[in-house]
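Here is the structure we will look at, set down as structure tokens.
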Amino acid sequence: MRQLISADRQVVVVDSLTYAGSLANLESVAGASNFCFVQEDICHADAMRRVFAEFGVSQVIHLAAESHVDRSIDNGMPFIQTNVIGTANLLEAARLAWSKSGSTSHRFTHVSTDEVYGDLSEAEPGFTEKSPYRPSSPYSASKAASDHLVTAWGRTHQLPYVITNCSNNYGPFQFPEKLIPLTIARCLEGQSIPVYGNGQQIRDWIHVSDHARGVIMAHEKGLNGESYLLGSRNEQRNLDLVRRICDEMNDLLGRDDLHRLITFVEDRKGHDLRYAIDPTKAEAELGWAPEIDFSSGLRTTIEWYVNRFRGEAS
Ligand SMILES: NC(=O)c1ccc[n+]([C@@H]2O[C@H](COP(=O)([O-])OP(=O)(O)OC[C@H]3O[C@@H](n4cnc5c(N)ncnc54)[C@H](O)[C@@H]3O)[C@@H](O)[C@H]2O)c1
């Protein structure tokens, strides 16, 4: 959203503001003349049709989702509702609006995850656009279902689309249930830092602004009906990452004892061992490449959360 607004695009953000959304995250763009915000639930078909009609929406970048795997294990139903029913509603609203418009400049870009491909052993090469769908969690299954709905609306109704599947994001504005902000918050609070199982799971971390740039490039340059995998070739074991954040936090806070907060907890049910992305297609066909290296990205991210959490506390 920030990148599109800076590039002078007209942007309408539709978000129902669940626990994961916050108007405070929109503060920096609130006064922009090319931005407006609509608080609506993508599951409400009439509301989505109204948004398309009222704003003359000609392009969609669809990110709204339930996204936290642990919550999907506790209760998968909100994931089915938003990620499956909500995506179908949005596709239908786009189809109805665009089939009447006569314009050929429409596109529906669906933002999805590498988790739809299930997990990899350490020996296997990274996922590509040809990898089979093998989701493990209710979250990834609901995202896989949404990917299939998008391809079906494309094939059946000729809805113009692209799909992006990205690896784990880090950066500012994440809800602090996600691993990196959670670890930072626990360091500041002096509370235990939970690590699932033996902490040997591997994730492929990418900075959110590289992901966002990739999504916009896929939206603007991608070929109709194609998927693009976005990743940074930056695999990290969960335990190594948590230790590294403790190192950075020790440094920042002038301490040397934060590693003692690391606490191993019972492994997540159905926990995938490894995700890794081969982003060759996006690099070759979109001319996209990640720009933020992990060391500096992690450092600035940690500083951002420390300032935010201290601001909230004071
Ligand atoms: N975070 C990652 O590491 C990652 C990686 C790959 C792909 N993705 C995808 O990117 C998208 C955004 O992820 P995120 O981490 O920012 O998620 P998030 O859970 O932090 O935020 C989701 C946003 O969607 C909104 N929302 C939820 N249900 C809604 C509904 N029914 N109607 C309207 N708005 C609703 C929430 O209010 C919130 O603002 C998701 O589609 C996710 O699958 C995320």
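Each ligand, and each atom within it, is numbered from 1 in the order the structure gives. Along the sequence shown, residues are numbered consecutively beginning with 1. Quick note: numbers below take in every heavy atom, side chains included, and nothing from hydrogens, waters or symmetry partners.
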Residues two or more places apart in sequence or in another chain: which of them pass side-chain contact (heavy atoms from CB on, under 4.5 Å) with Phe173?
Arg2, Asn25, Trp304, Arg308

So, is Val14 polar-close to ligand 1, with some N/O to N/O distance under 3.5 Å?
no

Can you find an N or O of Asn168 that's nearer than 3.5 Å to an N or O of ligand 1?
no

Out of the candidates Arg107, His110, His219, only one should pair with Ile61 under the side-chain contact (heavy atoms from CB on, under 4.5 Å) rule; please name it.
His219

Non-hydrogen protein atom less than 4.0 angstrom from atom 15 (O) of ligand 1
yes

Checking the N or O distance criterion of under 3.5 Å, is ligand 1 in contact with Thr113?
no

Relative to the heavy atoms of Leu17, which atoms of ligand 1 are at a distance of less than 4.0 Å?
37 (O)

salt_bridge(Asp272, Arg134) N-O dist < 4.0 Å:
no

Out of all atoms in ligand 1, which are within 4.0 Å of some heavy atom of Ala65? Include the element for each.
19 (O), 22 (C), 24 (O), 27 (C), 40 (C), 41 (O)

Give the contacting part of Trp205 toward ligand 1: side chain, backbone, both or neither, where contact means a heavy-atom distance below 4.0 Å.
neither

With Glu27 via salt bridge (Lys or Arg N to Asp or Glu O under 4.0 Å) - residues at least two apart
none

Any N or O on His62 sitting closer than 3.5 Å to an N or O of ligand 1?
no

